[in-house]
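Fair warning: this is a prediction, and the values are worked out from it, not measured in the lab. Numbered from 1 within each chain, the chains take letters A, B, ... in sequence-line order.
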Number of protein chains: 2
Amino acid sequence: MNNHSSKLKTQSKRGSPAPLVGRDSGKRDRILEAAVKVFAREGFYNAKVSQIADAAGVADGTIYLYFKSKDDLLISLFEDRMERINARMRDAITSETTAIGKLERLVHTHLDFVQSNRPMAEVFTVELRQSAKFIKEYANPKFGDFLRIFAGVIAEGQASGELANDLDPPLVARALFGAVDEIALAYLVGGTRKPHNDLAQAAKQISKLFIEGLRTDRRRTP
Amino acid sequence: MNNHSSKLKTQSKRGSPAPLVGRDSGKRDRILEAAVKVFAREGFYNAKVSQIADAAGVADGTIYLYFKSKDDLLISLFEDRMERINARMRDAITSETTAIGKLERLVHTHLDFVQSNRPMAEVFTVELRQSAKFIKEYANPKFGDFLRIFAGVIAEGQASGELANDLDPPLVARALFGAVDEIALAYLVGGTRKPHNDLAQAAKQISKLFIEGLRTDRRRTP
DNA sequence: CGCCACTGAATGAACAATCATTCATCCAAG
DNA sequence: CTTGGATGAATGATTGTTCATTCAGTGGCG
């Protein structure tokens with residue numbers, strides 16, 4: 001197989017080439033950062049490996065010292081960044097004691113991330129779906145973790161009686177993620193128009209919507 | 001510009017080639033149907049024009065008699081099918097009198113469509129995002145209409161006092177769409193596992209969640 | 001009626017780029 | 001001197017698009 005592979009199927013030999021801790025460590029990170037920028041701007045399929053190499057300040061071939069293929073580069077990007085996001089999410093809810101408080105935090109944190117990390121958010125929002133469909137082999141466990149954080153909070157809330165227990169936590173988790181993700185997409189694509197533009201405002205509304213939909217105590221907060 | 005264009009940028013000369021009502025009409029439709037199948041299976045970028053031609057039973061060149069480019073084919077597909085979906089959605093809510101009833105119908109109808117029209121649903125769920133990002137020029141008005149159906153119902157419900165009016169209808173519309181879309185994605189990708197698999201069940205839960213989150217009368221229905 | 005020129009839809013082989021990937025070579029550090 | 005990370009020009013498979021050619025259907029004409 002030569003060029004134009006990119007069937008986004010998981011590469012056969014698992015794992016990227018050896019970590020390569022040689023000369024200039026940190027080169028792998030530079031490449032990942034460059035990839036974020038280029039993927040965000042061009043989209044995965046339109047992004048050229050040479051563009052990424054340029055942006056990273058390395059030679060084309062160097063990328064293949066750290067990543068098995070263009071596909072592997074994308075996958076590695078997901079793994080790496082998703083891990084950070086999950087950490088941030090878990091971190092955000094430690095201070096909260098109620099499930100409702102945690103849900104609010106999750107939504108706000110997610111949209112904060114979108115706002116403060118636009119390029120990465122674009123990659124996630126747009127390319128993650130492709131991966132979901134094409135990297136079948138690639139289970140994308142990190143994204144599963146992400147959803148599980150949401151589902152966990154909901155399940156806790158149900159257990160404590162704070163939330164009604166007639167809804168399936170994993171399903172609600174997906175729905176909530178989908179809602180927030182779609183808002184993020186509108187924000188990222190739409191540029192600077194509409195009130196949707198105000199992500200903080202949007203976060204408030206989405207939180208309220210879901211919390212009102214979930215809580216047992218049915219008194220709308222002012 | 002020769003090959004590998006596909007920047008998904010709107011084609012310069014607007015509109016596909018002349019309708020071509022000549023010899024075999026219906027050929028355009030055959031091509032569109034073939035495109036759905038192939039795009040669903042391979043994804044837009046991995047789909048070869050020749051595969052579509054094969055599936056449609058026409059020659060490669062024939063496709064360019066009906067569509068300006070591969071990109072144009074995808075756009076045309078969106079336009080064409082989205083129109084049908086919108087019609088179906090509008091149709092589904094005519095019989096309902098309450099906003100709440102309409103919302104339920106919309107969610108169920110959407111997920112019905114996913115279940116009964118898998119290939120097209122895959123294309124929409126996965127490729128529509130790309131288009132949102134890359135076909136900037138292409139406003140995708142039909143998708144706007146789709147969202148407006150949801151927003152309209154919510155606004156009506158607010159006006160009639162049926163729904164609380166502290167949430168922005170377009171925002172909620174997006175959120176609801178996002179939630180349903182994500183459920184659809186999980187269903188389409190996940191194959192046959194989990195309770196999520198039961199889309200009818202999922203539709204019920206999502207409806208309930210949003211309706212409870214929106215209604216003014218805050219008494220949870222059994 | 002039969003024939004022929006004409007139209008334009010359809011074809012598909014050929015074209016022209018494009019790009020992911022490779023690898024012979026270089027060179028800095030140990 | 002040796003090692004192995006880095007380079008980037010070269011490769012060659014791939015594929016969107018074109019266009020010269022084919023040919024079925026049409027209608028004018030004798």
- Message: Can you identify which nucleotide, out of C:dT11, D:dA6, C:dT21, has its nearest atom closest to the A:Ser69 side chain?
- Response: C:dT21

- Task: Send over the distance from A:Arg30 CZ to D:dA6 C1', rounded to a whole Å.
- Result: 12 Å

- Just compare C:dT21, D:dT7, C:dG12 and give me whichever is closest to any side-chain atom of B:Ala59. C:dG12

- Look only at the side chain of A:Arg174 and the backbone of B:Ala186, and say whether a donor-acceptor pair between them is shorter than 3.5 Å. no

- Considering just the side-chain nitrogens and oxygens of B:Tyr66, establish if one lies under 4.0 Å of OP1 or OP2 belonging to C:dA9. no

- When you measure from the side chain of B:Lys27, which nucleotide among C:dA10, D:dT17, D:dA6 comes out closest? C:dA10

- Message: Using whole Å, what does the distance between atom P of nucleotide D:dT17 and atom NZ of B:Lys48 come to?
- Response: 14 Å

- Item | Minimum-distance nucleotide to A:Thr62 side chain [options: D:dT7, C:dT11, C:dC19] | D:dT7

- Message: If I take atom CD in residue A:Glu42 and atom P in nucleotide C:dT18, what distance separates them, rounded to the nearest angstrom?
- Response: 14 Å

- Message: If you only use heavy atoms from C-beta on, which nucleotide in D:dA6, D:dG16, C:dT11 is closest to the side chain of A:Leu65?
- Response: D:dA6

- Here the distance between atom C1' of C:dA20 and atom CZ of A:Phe67, to the nearest Å, is 16 Å

- D:dT7, C:dG12, C:dA20: which one has an atom nearest the side-chain heavy atoms of B:Asp60? C:dG12

- Query: Can you tell me how far C1' of C:dA9 sits from CD1 of B:Ile63, to the nearest Å?
  - Reply: 15 Å

- Query: Taking the six-membered ring where the residue is Trp, are the ring centres of B:His110 and B:Phe146 under 6.0 Å apart?
  - Reply: yes

- Query: To the nearest 0.5 Å, how far apart are CD1 in B:Ile63 and NZ in B:Lys70?
  - Reply: 10.5 Å

- Rounded interatomic separation in angstrom, taking NZ from B:Lys68 and P from D:dG16: 17 Å

- Message: Before we go on, tell me: are the rings of A:Tyr45 and B:Phe44 under 6.0 Å apart, centre to centre?
- Response: no

- Query: Rounded to the nearest Å, what distance is computed from the CG atom of residue B:Asn46 to the C1' atom of nucleotide D:dA13?
  - Reply: 15 Å

- Do B:Arg118's NZ or CZ and the ring of B:Phe113 fall within the cation-pi criteria of under 6.0 Å and 45°? no

- Rounded to the Å, how far apart are B:Asp71 CG and D:dT15 P? 16 Å

